[in-house]
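Okay, so here's the structure we're looking at.
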Amino acid sequence: MSKNIILTGDRPTGNLHIGHYVGSLRKRVELQNSGKYESFIMIADAQALTDNAETPEKVRDNVLNVALDYLAVGLDPKKSTIFIQSQIPELTELTFFYSNLVTVARLQRNPTVKSEIEQKEKFKTGVPVGFFTYPISQAADITAFNATVVPVGEDQLPMLEQTREIVHKFNSLYGETLIMPNAMVPENSTAARLPGIDGNSKMGKSLGNAIYLCDDAETIAAKVKTMFTDPKHLRVEDPGNTTDNTVFIYLSIFATPEHFATFLPEYKNYDELTAHYERGGLGDVKVKKFLNEVLQETLRPIRERREKFAKDPKAVMEMLQNGSIAARKVAFETTERVKRAMKLNYFN
Ligand code: TRP
């Protein structure tokens, strides 16, 4: 009972990419396999609809894609409860109750929601209420499963802060009922926000600068070729910059000493490679060739597992159905507790 509980999730609006992998998925698998946590992994289809209401088929199709990405990286339904948000109606009930505890001004101050609203062209004519209030629904997701730990990327920290405020307010008004969650972000700040292949600070589908977990070998190789390096590093002899250099940023995250030993034995490790590049005399082509080998090695087993699971989509959907049934039991208990605390238990 005193076990730590994890809740985390992703919006099913596209395939997951290597930014998701190093920012969050990799950690989730590690936590799952540590045996120290009970994990709930949610495909946030209802939240995805808050800015995709016109294209429900896109959200629906990506539920399976995200589930396949989960299984591919090693999330395991025997160890984690993997489920679909919309199949847990208690979450909307909790959202409705919590919305009384949050002011409009507070939502307007949420920096993630604020920047998402500013970025979205289609919101210029008006912001859907559902989108504006999704931090409240995210508080429902987290508290419904009594989560103590929420492993997320940096952009989700404001959601956690807002959830903690709701928990605090609820408990002080109605008595100790909800569990206070904590965020867990990657220790490595580069991993927390992997740039796109074009050097843009964010990797994303709409930006067209992502490497996906399902990309085939040729696609990965082609993407690495186009990757952003140091624009001033024109000739091999020129000294190069490695700090704003996407190829080097990726190597710092993905390249292990074993990769060096296998594919580039002239250098023992990342530091030796960067020193040579900065001194001059090391060309981009060679470094990119190495990054390609490293990414191929890292992504091949993930892609192969994904292909295996993709052969039986029915089994994957069944896994999600079972996970949703198990998750609902927990959310139901929390909701009963919440209603009792709010004096809404008329008949028992
Ligand atoms: N907002 C998250 C994302 O965009 C998805 C999500 C929904 C989530 N509910 C959550 C993440 C609860 C952590 C906890 O990817």
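It should be emphasised that the depicted structure is a prediction, and the values quoted were computed from it without experimental measurement. All ligand and atom numbering here is 1-based and tracks the order in the structure. Atoms considered below: every heavy atom in the structure, side chains included; atoms not considered: hydrogens, waters and symmetry mates.
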| query | For the rings on F260 and F290, is their centre-to-centre separation under 6.0 Å? | reply |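 Yes: the rings meet the under 6.0 Å criterion.
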| request: Return the minimal non-hydrogen interatomic distance between I6 and P151, and the atom names on each side. | output: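 That would be CG2-CD, 3.6 Å.
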| message | Test of understanding: clusters of I, L, V, M, F, W, Y form through side-chain heavy atoms closer than 4.5 Å, transitively. Do I84 and I41 belong to the same one? | response |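 I84 clusters together with I41.
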| Restricting to pairs with a member in residues 29-52, which pass ring pair (Phe, Tyr, Trp, His ring centres under 6.0 Å), not counting sequence neighbours? |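 Non-adjacent pairs meeting ring pair (Phe, Tyr, Trp, His ring centres under 6.0 Å): F40-F145.
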| Tell me, which pairs form a ring pair (Phe, Tyr, Trp, His ring centres under 6.0 Å) where one or both residues lie in residues 307-342, sequence neighbours left out? |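 Counting only pairs at least two positions apart or across chains, no ring pair (Phe, Tyr, Trp, His ring centres under 6.0 Å) contact touches residues 307-342.
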Return all side-chain donor-acceptor pairs below 3.5 angstrom for residues 120-128, not counting sequence neighbours, or 'none' if the list is empty.
unit_1	atom_1	unit_2	atom_2	d
K120	NZ	D51	OD2	3.1
K122	NZ	D51	O	2.3
K124	NZ	E118	O	3.2

Dump all N/O pairs between ligand 1 and the protein below 3.5 Å as a table: atom names plus distance, one pair per row.
unit_1	atom_1	unit_2	atom_2	d
ligand 1	1 (N)	Q47	OE1	2.8
ligand 1	1 (N)	Q138	OE1	3.1
ligand 1	1 (N)	Q156	OE1	3.1
ligand 1	4 (O)	R11	NE	3.2
ligand 1	9 (N)	D141	OD2	2.8

